[in-house]
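Read through the structure below, which is laid out as structure tokens, and then see the notes.
Just so we're on the same page: letters track the sequence lines, and every chain starts at 1. Owing to the predicted nature of the structure, the values given are computational and were not obtained by experimental measurement.
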Amino acid sequence: MAALTNKSQNKIIFVVGPTASGKSAWALKQAKKFQGSIVNIDSVQFYKGLEVGSAAPTAADLAEVPHYLYGYVSAPQEVTAGRYIQDFYALLENDIRFPLFVVGGTGFYIQAIEKGMFDVEPIPEEYRKAIESELAELGPEKLFAELKEKDPESKIHLNDHYRLVRAIEILRHSDKVPSQMKSQPTKNKNELKLPSIKIGFSFEKEIFAERVHLRTKQMIADGIINETTFFIKNGFENWAPLASVGFKECVQFVKDNLSTEWLQSAIEQGTMKLIKKQKTWFKRDEAILWSDHSPESLKNIDAKLDQFLMDD
RNA sequence: GGCCCGGUAGCUCAGUCGGUAGAGCAGAGGACUGAAAAUCCUUGUGUCGGCGGUUCAAUUCCGUCUUGGGCCA
């Protein structure tokens, strides 16, 4: 075990998959076993005060193994992929226990860690605001035409206003062409260089549905409504994470004075949709080693993990 | 019992001045490089409540029955 721990010095295990797939429990067990630590890569569990609705680790979990990047951002601050990878790599500079189990379902952020972000310098907020008001006043057609002219390869859709604004912002501010950055190798200095593997957990849809049903019930019992109303009352209704599954339903529940039955089924529905989108995202990553928690697949995964940690 | 308004896609509803119908949501699939649990794309045949009548043609007009809601008895 001592030798194994030694060789685990700089190793990273990504534990990925849709929400409610049992990632965290498995990771906790392994982190205990190998005396490592756990790092969050879930875009909602970053935030303080949203623990119930984001299914964040409990106090008991936190006490068992060192956890990082959970609940470390307070309203009205918001995390971006860029900020996250900075925080992540800053964490690696600290004296933390490896192996590192990086747990979460936000595929975009996992990609950002592994491949880095395009090398675009930060753009002042007013810059984006100006483009957004241009969009609001004139509609998307003009900006879309500008995009097509400067970046003919772009696949961004006219209606995808968020990506449209972002692309225009890059084009005007930096002279870089978004869709060209895609085909060029990323020169990001933060690209992950430590040895890593990716382990994914998932279930059949029916099993997810059952788990989501129970989990949602529990969240409502544990106070997801209070969690949400706290931020509404303090004027943070537009805080980005409140637009995510569970919280946005609570916002509507409070506003329209709906029934708990409505809330329960709305959250379940939203969560199932999320699961589907997460599955779609992870499907294209062929490096992921999958398990459905069946005894055989768990055995297989454990063996792969042992092997990875023992390799030089 | 009388009068009025409804019964159209899984749900909420539009519509057809008569030529068998369409949105939103849900469902299914997909995209994704600084909001990502977000954002966006693709995908809609259903006895148009039943039965009769008028008509070349009815979901659309007429009659009748049925069913939900409201008002009056």
Q | Those residues of residues 226-260 of chain A lying under 4.0 Å from RNA chain B by at least one heavy atom | A |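 A/A243, A/S244, A/V245, A/K248, in order of number.
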
Just to confirm, is there a sub-4.0 Å distance from OP1 or OP2 of [N] to any side-chain nitrogen or oxygen of [X]?
X	N	value
A/R284	B/A31	no
A/K277	B/A31	no
A/N159	B/U39	no
A/T106	B/A37	yes
A/K273	B/A28	no

Whole-Å distance separating the [atom1] atom of [X] from the [atom2] atom of [N]:
X	N	atom1	atom2	value
A/R166	B/G34	CZ	C1'	5 Å
A/F118	B/C32	CZ	C1'	11 Å
A/F46	B/A35	CZ	P	13 Å
A/L164	B/C40	CG	P	12 Å
A/I156	B/A31	CD1	P	16 Å
A/L135	B/A35	CG	P	16 Å
A/D160	B/C32	CG	C1'	9 Å
A/M181	B/C32	CE	P	15 Å

[atom1] atoms of [N] and [M], separation to the nearest Å:
N	M	atom1	result
B/A26	B/A58	C1'	32 Å
B/G63	B/G2	P	15 Å
B/G7	B/U60	P	12 Å
B/C41	B/G46	C1'	25 Å
B/A36	B/C40	P	14 Å
B/G22	B/U16	P	14 Å
B/C32	B/G69	C1'	48 Å
B/C17	B/U64	C1'	25 Å

For a quick check of understanding: with a heavy-atom distance under 4.0 Å over all strands, which category does [X] fall into, base, sugar-phosphate or nothing?
X	value
A/V120	base
A/K283	sugar-phosphate
A/S54	base

Which listed nucleotide ([options]) is nearest to the side chain of [X]?
X	options	result
A/M117	B/A38, B/A35, B/G34	B/G34
A/T280	B/C32, B/C40, B/G34	B/C32
A/I170	B/C32, B/C40, B/G34	B/G34
A/E132	B/A35, B/G34, B/A38	B/A35
A/K276	B/G29, B/A36, B/A35	B/G29

Does [N] have a Watson-Crick or wobble mate here (both distances under 3.5 Å), and if so which one?
N	value
B/G6	B/U67
B/U33	none
B/G22	B/C13
B/A38	none
B/U45	none
B/A57	none

Q | Carboxylate-amine/guanidinium contact A/E169 A/R166, below 4.0 Å | A |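 Here A/E169 pairs with A/R166 in a salt bridge, since their nearest N and O are under 4.0 Å apart.
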
Q) Under 4.0 Å between a Lys/Arg side-chain N and an Asp/Glu carboxylate O for A/E249 and A/K273? A)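 So A/E249 does not pair with A/K273 through a salt bridge.
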
Q | Centroid distance under 5.5 Å and plane angle under 30°, A/Y162 vs B/U39 | A | no

Side-chain donor-acceptor contacts of residues 62-73 of chain A below 3.5 Å, not counting sequence neighbours, with atom names and distances?
residue, atom, partner, partner atom, Å
A/E64, OE1, A/K32, NZ, 2.6
A/H67, ND1, A/V65, O, 2.7
A/Y72, OH, A/D87, OD2, 2.6

Q: Using the closest heavy atom to pick a nucleotide of RNA chain B for each, name whichever of A/V44 or A/M272 lands nearer the 5' end.
A: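 Looking at the nearest nucleotide for each, A/M272 comes out on the 5' side.
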
Q. More 5' along RNA chain B: A/L274 or A/R83, using each one's nearest nucleotide?
A.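 The residue whose closest nucleotide sits nearer the 5' end is A/R83.
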
Q | Residue pair A/R215 / A/T271, side-chain donor-acceptor N/O under 3.5 Å | A |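 No, because no side-chain N or O of A/R215 sits under 3.5 Å from a partner of the opposite role on A/T271.
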
Q: Indicate whether the side chain of A/T58 and that of A/D61 have a donor and an acceptor atom separated by less than 3.5 Å.
A: yes

**Q.** Value rounded to 0.5 Å, distance of CZ in A/F108 from CD1 in A/I41
**A.** 11.0 Å

Q.
According to a hydrophobic-cluster definition based on side-chain heavy atoms being under 4.5 Å apart (Ile, Leu, Val, Met, Phe, Trp, Tyr only), do A/I275 and A/F247 belong together?
A.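 No, separate clusters.
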
Q.
Given the structure, check if the side chain of A/D42 and the base of B/A37 hold any donor-acceptor pair shorter than 3.5 Å.
A. yes

Q: Give a yes or no on whether a donor-acceptor pair under 3.5 Å exists between the nucleobase atoms of B/A36, that is its base, and the side chain of A/R163.
A: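 By the distance-only test, yes, there is a pair.
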
Q) Is the backbone of A/Q77 close enough, under 3.5 Å, to the side chain of A/W239 for a donor and an acceptor to pair up by distance? A) yes

Q: State whether the side chain of A/Y89 and the backbone N or O of A/I113 hold a donor-acceptor pair below 3.5 Å, judged by distance alone.
A: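 Indeed, once roles are kept as given, a pair shorter than 3.5 Å links the two residues.
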
Q: State, yes or no, whether a side-chain contact exists between A/L92 and A/L100 at a heavy-atom distance under 4.5 Å.
A: yes

Q) Between A/F46 and A/Y109, does the ring centroid distance fall short of 6.0 Å? A)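 Aromatic pair counts; centres sit under 6.0 Å.
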
